[in-house]
> 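I have a structure here, written as structure tokens, and I will follow up with some questions on it.
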There are 2 protein chains.
Amino acid sequence: MTVTIYDVAREAGVSMATVSRVVNNNPNVKPQTRKKVYEAIERLGYRPNAVARGLASKKTTTVGVVIPDISNSIFAEIARGIEDIANMYHYNIILCNADKKKDKEIRVINTLLEKQVDGLLFMGGTITEDHVQAFQTASVPIVLCATKDENGTIPAVDIDHEAAAFDAVSTLVRHGHREIAMISGTLQDPANGYSRFQGYKRALETAGIEYQEDLVRIGNYRYESGVEAMKYFLGLKRKPSAIFAATDEMAIGAIHSVQDEGYKVPDDFSIISVDNIRMASMVRPQLTTVAQPMYDIGAVAMRLLTKLMKKENVENAQVILPHETILRLSVARLND
Amino acid sequence: MTVTIYDVAREAGVSMATVSRVVNNNPNVKPQTRKKVYEAIERLGYRPNAVARGLASKKTTTVGVVIPDISNSIFAEIARGIEDIANMYHYNIILCNADKKKDKEIRVINTLLEKQVDGLLFMGGTITEDHVQAFQTASVPIVLCATKDENGTIPAVDIDHEAAAFDAVSTLVRHGHREIAMISGTLQDPANGYSRFQGYKRALETAGIEYQEDLVRIGNYRYESGVEAMKYFLGLKRKPSAIFAATDEMAIGAIHSVQDEGYKVPDDFSIISVDNIRMASMVRPQLTTVAQPMYDIGAVAMRLLTKLMKKENVENAQVILPHETILRLSVARLND
DNA sequence: CTGTTAGCGCCTTCAT
DNA sequence: ATGAAGGCGCTAACAG
């Protein structure tokens, strides 16, 4: 039924080794022979079996990607960066959603490894001991993407979330704000949660502003939780003049919450956040935010992984990509 | 180096056939033997090699997914539906972006087939003869997702774009609008472009409204092109009272374009579209739109594919999922 | 430049 | 319930 390399060899009157050589672009084939083989391939409609090749060569030219949720625009953007570079280096991607659930993460890591991926790109929640252990059983390189492990021993690419948050809040301070609230993510989340919260605190401290616990609400990164948190701030007797949201989505929720209550952004409340998702420039007022280069995070991580897979020696396997404050219209200078 | 099924067999004092049986949950193994094998597996840290298994069994439990662009929220949502169901049936996904470029599409279809995927899910631009031919060389089932071929011969799941557009425009008519402009996609695009435009025309016709060519602008589905198109309409001496945008993104662009010029939605202009992306309920006013069930399109397509892969016979391989008009706040009744 | 020969790690009859 | 043996389709030395 299926035509194999052996059929082609017979049809072309050569050995299967020769067919293998032309299929793999091995230069050691006489042009004439090469031509014969190509013709036989054409005639028979031969299609190389990558699984057999993988078994024989111990390379699958596919890499595993574990991702929290592909329907989340941030990860989708990162994934696009990954895929583009993978494609460029002739790798394919096996994509697995794991929803930041530890069990699911460990499970997909293992099935990916069973599938003999040549490398692994991991995005997820907290990196636990169990993760590290799963990684260690792997005989292929692994790079973390948009996450980091505590001890910084695993190759990774990310931004400095603490510094990004610091910059965001400092921008508020520079505009004269001193009553600055924060809509945070859960402090259990090391990157988007804890680190960004730490950046907020450090910025306040640096500015000599006292940290007030009731000026912090914990959201779940989503729009609705931004709306809710802002409602709470709006109900305070002593309202903040500015809000730092850990993510754009929550910030946009906050903007609409403000507007729905008849207030104005930035006239009555300034709002800033971190991410720079596409939507940030699709709201009114357009959102001032600290951009993280999502596509690049994916692209650089994948590029790093290709080097690791080729056993090239990399100078620095812990790369921090720069972030950048994008001044738009949701932050106003405070005239007091 | 790597521990194989043979090592486990020796360690457990059984044959590799037995190990294979316990690994594959074949019931014909004495519980006691099973236990011995499990222990050996544990002790050795054995991990089955899915590539070898794939070669021997001619099944890879992975399906290929060709997608226009994973960073597009609509496709990302569909992809999530696909992955969830795939996961449920123990399949993995190889994801390939093809940007609706015919060449790239054909190329990835072939590499996916070389990788011996058990099935293929295709989302893309127009299905050409070349596509059909590529599909025919496949010995595995293929289902189209959010697209359709002309002759409707390939299994597919999608919504009825023409009807969705018809419903959107009819909603406008029901609210008293008769000067209805459209921001369309390219008419070369069969689904989001041509079909939605046809729905617009039919709705006008049904309402006895004359079609006016200068009330139609062609956009590229993106926010910015919605902004541009709306600017054009705003510049007309005889302005439309309502705008139907082929996609939510363009509609949101139109809303902001209206607002930026000092007009109001829906007071001055009503706006409706098709899609119901998350952002639709994250703008002010919230966008009235005809929802297409993106997650379900992916989920149903994948479910259909699993049936096809199991050679179950399916009654209807051309499934049209229902759409639904979501009344929000961007459409007003015209008081004349 | 080309052919021969072993596997790669596992599944799957077919016996037993 | 278990074992033996023959591939699955291809790559990779090794000869020549």
Side-chain angles (χ1 to χ4, degrees), chain A residues 1-38 40-41 44-62 90 110-111 113-118 139-140, chain B residues 1-38 40-41 44-62 90 110-111 113-118 139-140:
Chain A
M1 264 246 46
T2 67
V3 10
T4 75
I5 202 173
Y6 183 70
D7 300 320
V8 176
R10 197 155 26 83
E11 175 80 10
V14 299
S15 74
M16 43 189 288
T18 299
V19 177
S20 175
R21 287 189 187 98
V22 348
V23 168
N24 293 298
N25 283 314
N26 183 319
N28 291 352
V29 181
K30 207 195 300 177
Q32 198 183 124
T33 318
R34 186 180 299 274
K35 185 154 168 290
K36 276 197 308 188
V37 173
Y38 274 134
I41 287 176
L44 269 40
Y46 167 68
R47 176 157 30 218
N49 180 326
V51 171
R53 173 182 297 166
L55 183 58
S57 69
K58 294 176 167 304
K59 280 190 181 55
T60 54
T61 61
T62 106
H90 305 293
N110 281 316
T111 86
L113 258 17
E114 287 185 6
K115 297 226 169 178
Q116 311 299 121
V117 293
D118 293 339
S139 54
V140 296
Chain B
M1 265 243 48
T2 67
V3 11
T4 76
I5 201 174
Y6 181 71
D7 300 320
V8 176
R10 198 156 26 84
E11 175 81 9
V14 299
S15 75
M16 41 188 292
T18 299
V19 178
S20 177
R21 286 191 187 95
V22 348
V23 169
N24 293 298
N25 282 315
N26 183 319
N28 290 354
V29 180
K30 205 193 303 176
Q32 196 183 124
T33 319
R34 186 180 299 275
K35 183 152 171 289
K36 274 196 309 187
V37 173
Y38 274 134
I41 287 177
L44 268 41
Y46 168 68
R47 172 152 39 213
N49 181 326
V51 171
R53 173 181 297 167
L55 183 58
S57 69
K58 294 178 167 303
K59 281 190 182 54
T60 54
T61 62
T62 106
H90 304 294
N110 281 316
T111 85
L113 259 17
E114 288 186 5
K115 297 226 169 175
Q116 310 300 118
V117 293
D118 293 339
S139 53
V140 296

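The chains referred to below are lettered A, B, ... by the order of the sequence lines, with proteins before strands, and numbering in each begins at 1.
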> For a quick check of understanding: with a heavy-atom distance under 4.0 Å over all strands, which category does B/N49 fall into, base, sugar-phosphate or nothing?
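Sugar-phosphate, backbone atoms only, no base.
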> Categorize B/V19 for me: base, sugar-phosphate, or nothing, with a 4.0 angstrom heavy-atom threshold over every strand shown.
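Contact class for B/V19: none.
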> Heavy atoms only, 4.0 Å cut-off, all strands: where does B/T4 land among base, sugar-phosphate and nothing?
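The residue B/T4 makes sugar-phosphate contact but no base contact.
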> For the pair made of CZ in B/R21 and P in C/dC10, what is the distance, rounded to whole Å?
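Atom CZ in B/R21 sits about 15 Å away from atom P in C/dC10.
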> So, the side chain of A/N24 versus the backbone of A/N26: is there a donor-acceptor pair under 3.5 Å, distance only?
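Answer holds: no.
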> Can any side-chain N or O of A/T60 pair as donor or acceptor with the backbone N or O of A/Q116 at less than 3.5 Å?
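Pair found, side chain donor or acceptor close to backbone of A/Q116.
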> Assign each of B/S15 and A/A56 to its nearest nucleotide of DNA chain D by heavy atoms, then name whichever residue's nucleotide is nearer the 5' end.
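The residue closer to the strand's 5' end, by nearest nucleotide, is B/S15.
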> Quick check for you: among D/dG9, D/dT2, C/dT12, whose closest atom lies nearest to any side-chain atom of B/K58?
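Closest of the options to the side chain of B/K58: D/dG9.
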> I'd like to know if the side chain of A/T61 pairs up with that of B/K115 as donor and acceptor (distance under 3.5 Å, no hydrogens or angles considered).
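Side-chain D/A pair, A/T61 to B/K115: present.
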> Please confirm whether the shortest side-chain N or O distance from A/Y6 to OP1 or OP2 of D/dG7 is below 4.0 Å.
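The answer is no; no side-chain N or O of A/Y6 sits under 4.0 Å from OP1 or OP2.
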> Out of C/dG9, C/dC1, D/dC10, which nucleotide sits closest to the side chain of B/A52?
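That would be C/dG9.
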> For a quick check, tell me whether the side chain of B/R47 and the base of C/dG9 share a donor-acceptor pair closer than 3.5 Å.
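In this structure, the two groups form no donor-acceptor pair.
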> Got a second to check how far B/Y46's OH is from B/D7's CG, nearest 0.5 Å?
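Nearest 0.5 Å value for the OH-CG distance: 9.5 Å.
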> If you look at every strand shown and take non-hydrogen atoms under 4.0 Å, does B/V14 touch a base, only sugar-phosphate, or nothing?
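Sugar-phosphate, backbone atoms only, no base.
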